[in-house]
Novice: 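Below you'll find the structure I mean.
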Number of protein chains: 4
Amino acid sequence: MYSFKNDYSEGAHPAILQRLMDTNQVQQDGYGEDAYSSEAKQQIKNIIGNQQAEIYFVSGGTQTNLLVISYLLRPHEAIISAKTGHIYANETGAIEATGHRIIPVDSLDGKLKPADIEQVLADYSLRPHVVKPKLVYISNSTEIGTHYSKTELTELSAYCQSKNLFLFLDGARLGHALMAKDNDLTLADVSKLTDVFYIGGTKNGALLGEAIVFNRTDIATEFDYHLKQKGALLAKGRVIGIQFLELFKDDLYFSLATHANAMAMKIAKVIENKGYTFLTQSSTNQLFPILPNDAIAKLTAHYDFYVWKPLENNCSAIRILTSWNTDEEVVDQFIEELEEYL
Amino acid sequence: MYSFKNDYSEGAHPAILQRLMDTNQVQQDGYGEDAYSSEAKQQIKNIIGNQQAEIYFVSGGTQTNLLVISYLLRPHEAIISAKTGHIYANETGAIEATGHRIIPVDSLDGKLKPADIEQVLADYSLRPHVVKPKLVYISNSTEIGTHYSKTELTELSAYCQSKNLFLFLDGARLGHALMAKDNDLTLADVSKLTDVFYIGGTKNGALLGEAIVFNRTDIATEFDYHLKQKGALLAKGRVIGIQFLELFKDDLYFSLATHANAMAMKIAKVIENKGYTFLTQSSTNQLFPILPNDAIAKLTAHYDFYVWKPLENNCSAIRILTSWNTDEEVVDQFIEELEEYL
Amino acid sequence: MYSFKNDYSEGAHPAILQRLMDTNQVQQDGYGEDAYSSEAKQQIKNIIGNQQAEIYFVSGGTQTNLLVISYLLRPHEAIISAKTGHIYANETGAIEATGHRIIPVDSLDGKLKPADIEQVLADYSLRPHVVKPKLVYISNSTEIGTHYSKTELTELSAYCQSKNLFLFLDGARLGHALMAKDNDLTLADVSKLTDVFYIGGTKNGALLGEAIVFNRTDIATEFDYHLKQKGALLAKGRVIGIQFLELFKDDLYFSLATHANAMAMKIAKVIENKGYTFLTQSSTNQLFPILPNDAIAKLTAHYDFYVWKPLENNCSAIRILTSWNTDEEVVDQFIEELEEYL
Amino acid sequence: MYSFKNDYSEGAHPAILQRLMDTNQVQQDGYGEDAYSSEAKQQIKNIIGNQQAEIYFVSGGTQTNLLVISYLLRPHEAIISAKTGHIYANETGAIEATGHRIIPVDSLDGKLKPADIEQVLADYSLRPHVVKPKLVYISNSTEIGTHYSKTELTELSAYCQSKNLFLFLDGARLGHALMAKDNDLTLADVSKLTDVFYIGGTKNGALLGEAIVFNRTDIATEFDYHLKQKGALLAKGRVIGIQFLELFKDDLYFSLATHANAMAMKIAKVIENKGYTFLTQSSTNQLFPILPNDAIAKLTAHYDFYVWKPLENNCSAIRILTSWNTDEEVVDQFIEELEEYL
């Protein structure tokens with residue numbers, strides 16, 4: 001059995017583990033005050049071309065989302081998110097638990113456009129009987145594999161700025177978005193076009209860890225207190241600092257995502273060639289092909305994946321995730337079976 | 001320079017890193033549903049002799065404390081803690097941030113006794129104008145190096161039970177308490193005498209990780225939701241599961257704490273022999289000797305530690321922490337210098 | 001100018017003010033421990049035929065909703081509400097501010113049916129990655145003037161019970177629902193079919209005040225603490241107790257609602273006779289007639305009301321609210337104008 | 001039996017009830033947008049001589065405290081209060097329930113001095129492991145009957161400003177403080193020397209109601225949302241507006257407090273003359289005389305009051321509260337009995 005269920009099925013990229021080994025005996029201060037974390041932060045600032053950025057390392061995506069949002073908002077302020085947004089669909093009310101409403105927006109491609117935001121602002125205008133929308137949450141790549149073009153993100157960013165809304169980009173799979181073949185955004189663009197975003201490590205080869213990037217010093221002046229208060233400040237902050245140091249050495253972060261995408265595209269091509277379609281148009285590491293149920297049943301003999309959505313005509317959409325560690329030989333064998341069953 | 005500032009200055013015990021390496025390529029389900037975590041939980045249940053226990057792995061102590069307390073309490077219920085308790089003294093209001101008052105109690109030795117609790121219950125009796133004390137929080141070893149005897153914990157436990165109060169033991173340094181030479185408690189005793197406790201990994205050789213142990217199934221039936229909601233559920237839950245698997249193999253957890261304690265006692269003995277006293281009576285890995293300021297100044301040339309409290313007669317209390325990784329050769333050299341300066 | 005904007009435009013029914021005068025100099029204990037509140041509670045228990053009820057008086061509807069919901073739910077539990085539900089549409093995120101998600105359901109008539117709940121339960125099944133739906137919130141009459149039949153409420157109640165969900169009925173305008181000509185529910189039925197509900201005073205003749213009724217003693221055992229903690233426990237609890245005492249003397253509460261409904265129905269009949277329709281089918285004191293914009297413009301010369309929703313063909317829905325205090329002479333004059341303009 | 005238990009034992013001053021009657025039939029907009037509330041706010045601005053003030057009417061003191069504090073503070077910020085402060089001693093953790101720690105300070109006279117604050121700032125300096133003290137909460141008069149002199153408040157105000165701390169004055173009994181014979185503060189002084197304060201109505205003759213006064217427009221720009229979200233925005237806002245309109249007409253507010261104080265002082269004088277002392281030095285409407293237990297026992301035959309604190313030598317401190325409505329004839333009779341028993 002081989003699992004295409006997610007991109008966090010294994011441990012970490014070997015180079016990361018090796019770096020943890022190599023630095024293991026060096027004494028460092030705790031709580032993120034270690035030299036590795038400092039160096040890793042500086043490295044990221046250089047790559048995004050923004051020396052004003054404030055960077056914090058934390059252990060997971062839900063934690064990141066609740067930390068950032070509850071730090072930026074006042075109690076009566078709300079978040080706008082696509083219904084498929086991770087904070088709305090998959091985080092057990094973590095945001096509401098910090099006191100804020102998420103206003104869900106229907107979106108076929110998992111992305112938000114200025115018109116979506118405009119509609120919400122119109123719907124939420126009866127001050128003070130409604131919450132005040134103040135932060136727009138987007139994911140790139142999205143939870144359904146799509147990603148933002150430079151034009152889309154630029155337009156959304158300009159609209160948010162004109163309405164005095166924070167724009168927060170969830171980058172749990174930011175590497176996969178930026179390495180998509182049809183992508184035209186860079187990490188530097190993301191830093192310029194958002195107020196805050198995060199670079200996901202957990203889903204791209206780290207043991208654990210995300211890098212939160214506030215793009216302006218002034219919006220994060222007391223975030224250190226917040227990290228500690230929410231239980232997110234690791235005593236051994238080095239554990240994540242070291243990993244990001246390695247991830248952004250020699251572009252490892254990008255090459256891992258490139259591999260994951262390539263494996264997905266290899267599978268996608270076969271499915272397309274066979275005349276089958278997809279629930280969403282993905283050029284990243286998440287595929288949602290619509291396949292006949294009998295073919296799906298056969299595939300489950302050797303492969304693990306989620307059956308995403310039962311559809312008509314004895315078909316279902318399944319979810320296939322590839323990762324930094326996906327074995328190309330297994331992919332080739334999977335493709336062989338696909339060609340046989342379809 | 002060698003640091004005695006804390007017990008989380010280095011990475012992890014090499015055996016733990018090795019285990020992470022060995023298991024790295026094995027695919028597992030995410031979110032704590034991996035085989036390693038299951039095995040580690042079973043192992044702990046066996047050691048504490050309690051098959052009804054519910055165990056969860058999380059990344060740090062503050063996170064543990066806020067998770068457990070906010071899960072067990074209703075909004076109007078409060079916590080009783082020593083003023084030195086970590087939740088009152090060092091966690092940035094993490095508990096209050098979940099909505100609950102901590103009622104602080106003065107305690108010279110950092111421990112709580114039934115009489116302390118009784119006084120709080122008397123002070124907080126004017127229902128409904130005051131919060132309802134409902135949970136007693138203790139640390140073992142305490143934040144000032146002391147530890148509970150079996151008699152003390154038994155009496156406190158019986159009192160809490162008689163008053164329908166939860167007893168929660170913070171075990172960030174539980175290994176050090178249980179391995180103290182004058183200790184008569186076992187891990188199984190701790191499980192029997194408390195409602196919930198945690199076994200600290202971060203301060204005893206793990207990269208990160210604490211094991212929360214609910215001693216009765218019925219008080220943790222929906223804790224999984226809570227973990228996720230508070231951002232504490234790691235996608236790669238294996239990372240902590242694997243570490244605890246190793247920590248409780250061949251009693252590594254206990255031998256690491258034994259080493260830390262031994263190093264501290266070696267230092268303590270010299271200080272005592274020289275006729276100096278301590279701020280608190282510790283037989284664990286935290287020492288608070290009271291030394292002349294000029295001797296302290298000389299020690300800072302080669303050693304890093306906290307000056308804890310300036311005292312009269314040109315003396316100060318300093319804090320010396322030893323750990324699973326403290327180098328005995330350095331300790332011997334430190335002792336030599338101590339003997340010279342005192 | 002006469003206002004049909006809402007049912008809280010004036011002070012209180014004169015009999016209520018008189019009762020406040022009559023009792024003014026009598027000394028009583030504070031914080032709801034006064035004899036008037038006790039008597040008023042007993043009176044309500046008698047009327048609903050439920051001696052197990054626990055009753056609390058508070059000052060407003062949003063306060064009631066947040067008090068009840070945050071008391072009943074654990075942090076990871078969520079509420080199901082119609083999108084038009086007051087807690088979702090008009091309370092500035094008061095519920096989310098206590099940490100809970102409201103799951104909104106589309107409903108044309110503002111009411112919830114078992115099938116709506118069933119769909120939400122299916123959507124929220126991926127434990128622990130989603131919140132746990134635990135409380136169903138309904139309003140009777142609804143925010144758009146409709147009301148539940150005995151059959152509807154009985155079916156919903158049975159469904160909730162079968163799924164272990166709390167059923168909470170917002171009765172801000174409960175009098176108007178129960179006095180609707182086509183209503184077959186009694187206050188006693190409401191008590192039997194829900195876990196908790198409230199009887200709205202503010203919108204039916206009181207200066208301020210709502211009566212929260214928990215229908216079972218065991219679900220409200222420590223609600224007194226909660227009231228105080230949320231700032232809802234009035235020092236002069238008598239102020240609301242006295243009003244409810246008067247409201248439920250000689251069925252004043254019901255006759256006031258009957259008047260409000262009658263005034264609305266009188267207006268509705270004319271509009272129907274003229275061949276115009278309504279946005280919603282109301283037999284209570286809230287009407288949403290769809291009228292030509294020019295007629296609406298003429299009406300605004302003498303009457304105040306909300307233009308609810310612009311529609312096609314130069315028409316709009318307006319909202320007309322009548323109340324316990326609506327002057328029948330003004331209604332007759334309004335009807336005259338209506339007949340002229342339509 | 002006559003009650004000296006508190007100053008909210010009766011309804012409202014008759015002039016207030018009369019005003020509610022007189023205005024009862026006038027239609028007004030809801031939610032504090034009525035003309036009475038506007039006029040009352042303007043009247044208060046004139047009296048305090050501050051046109052930049054932002055005023056909000058709410059229903060009670062605990063509600064006020066939680067509203068103001070949770071609005072002004074960020075999640076990691078804390079409050080400094082005397083241990084006797086109402087928010088610490090008597091409000092069921094209402095502040096902690098909004099997520100903030102209250103740092104309690106021992107104070108014999110119930111007041112805070114700059115040195116108290118300075119000590120707290122020193123104790124809470126280990127950023128980010130401790131909360132950040134940001135707001136100083138004081139009561140005037142205090143919960144034990146004392147009051148601030150102009151010098152004391154000026155010094156505290158200057159210190160808070162120098163440390164960038166908010167100064168919030170709880171004026172539940174502000175009238176009694178300002179009308180004390182040895183007082184030299186005015187309402188205008190209070191407005192100049194604090195960031196925010198409230199004028200208590202409930203304990204000085206209103207049915208219910210407190211006036212929150214933000215002394216600078218810029219610190220309350222979105223408080224309207226907050227009021228609604230916390231359930232504090234009354235549909236019939238007029239109910240409190242009308243009362244404050246009456247309270248500040250012809251100085252009724254001050255004359256009511258003057259009466260309450262005079263009645264207390266009359267009693268105090270007799271006790272002093274008899275050679276008995278007090279637990280605290282009060283010149284307001286709260287007395288804490290220390291009397292022999294047998295005298296106390298005799299007094300309880302005709303009078304209701306709290307036995308505050310058992311003391312040695314068969315004595316106890318009792319609490320006597322007088323109010324706007326205290327009957328001077330009863331006071332004379334009480335004095336007669338006192339003279340007999342002492």
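What you see is a predicted model; the values in this text were computed from it and never measured. Within every chain, numbering begins at 1; the chains are lettered A, B, ... in the order of the sequence lines, protein sequences first and strands thereafter.
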Novice: Specify the closest pair of heavy atoms between C/P128 and B/L233, including all atoms of both residues, with the distance to one decimal.
Specialist: CG-CD2, 4.3 Å

Novice: Would you mind checking if B/E222 and C/R74 are paired as a salt bridge, meaning a charged N to carboxylate O distance below 4.0 Å?
Specialist: no

Novice: Quick check on B/L227 against chain C: is it the side chain, the backbone, both or neither that has a heavy atom closer than 4.5 Å?
Specialist: neither

Novice: Name the orientation class of the two ring planes belonging to B/H129 and C/Y31 (parallel below 30°, tilted from 30 to 60°, perpendicular beyond 60°).
Specialist: perpendicular

Novice: Considering non-hydrogen atoms only, spot the tightest contact between C/P75 and B/S70 and give its length.
Specialist: CG-O, 4.3 Å

Novice: Among C/K228, C/R127, C/Q229, which has the most heavy-atom pairs under 4.5 Å with chain B?
Specialist: C/R127

Novice: Heavy-atom cut-off 4.5 Å, strictly under: side chain, backbone, both or neither for B/K132 against chain C?
Specialist: both

Novice: Please check if the number of heavy atoms outside C/Q42 that lie under 6.0 Å from its CD is greater than 12.
Specialist: yes

Novice: Taking atom CD as the centre, does C/E33 end up with more than 12 heavy-atom neighbours from other residues, nucleotides or ligands that are less than 6.0 angstrom away?
Specialist: no

